[in-house]
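All values reported here derive from a predicted model rather than from experimental measurement.
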Amino acid sequence: DLMRTEYATKPEIKIWIENCRLRFSDQNVFIVIYEEHGIDKNRKRVSLITAVLQKNQQQVNGLEWVHISEVPLPSPETAE
């Protein structure tokens, strides 16, 4: 719920994902890996995200986040 209430409240922060890959699926559990890119106060950042999700029809999109791991990657210091 916090994510929904905070959505779009800080337009100076830009976040997007690239290179999303499904690494495992057994019909109920999914492991995905993706790069999360962001710009905040003209600083770029990139992280490699590994997420474990499971089906849960009570959630808005039918999936529940079970676990997430974030590893910062080297990136340029300033945004263009």
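- At least one side-chain heavy atom of F30 sits less than 4.5 Å from a side-chain heavy atom of L63.
- L22 and W65 fall within the same hydrophobic cluster, where Ile, Leu, Val, Met, Phe, Trp and Tyr residues are linked whenever their side-chain heavy atoms come under 4.5 Å apart, directly or through other members.
- Here CD1 of I31 is found 11.5 Å from OG of S69. Values are rounded to the nearest 0.5 Å.
- Smallest separation of non-hydrogen atoms from V29 and D26: N-OD1, 2.8 Å.
- Between the side chain of R23 and the backbone N or O of R21 there is no donor-acceptor pair closer than 3.5 Å.
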Which side-chain N or O atoms in residues 46-56 pair as donor and acceptor under 3.5 Å with protein atoms at least two apart or in another chain?
unit_1 : atom_1 : unit_2 : atom_2 : d
S47    : OG     : E70    : OE2    : 2.9
Q54    : NE2    : E64    : OE1    : 3.1
K55    : NZ     : Q27    : O      : 3.1
N56    : OD1    : Q58    : N      : 2.9
N56    : ND2    : E64    : OE1    : 3.0

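- The shortest side-chain heavy-atom distance between R45 and E36 falls under the 4.5 Å cut-off.
- Heavy atoms only, all atoms of each residue included: E18 and W16 are closest at OE2-NE1, 2.9 Å.
- Linking Ile, Leu, Val, Met, Phe, Trp and Tyr residues whenever their side-chain heavy atoms come within less than 4.5 Å leaves V66 and I33 in two separate clusters.
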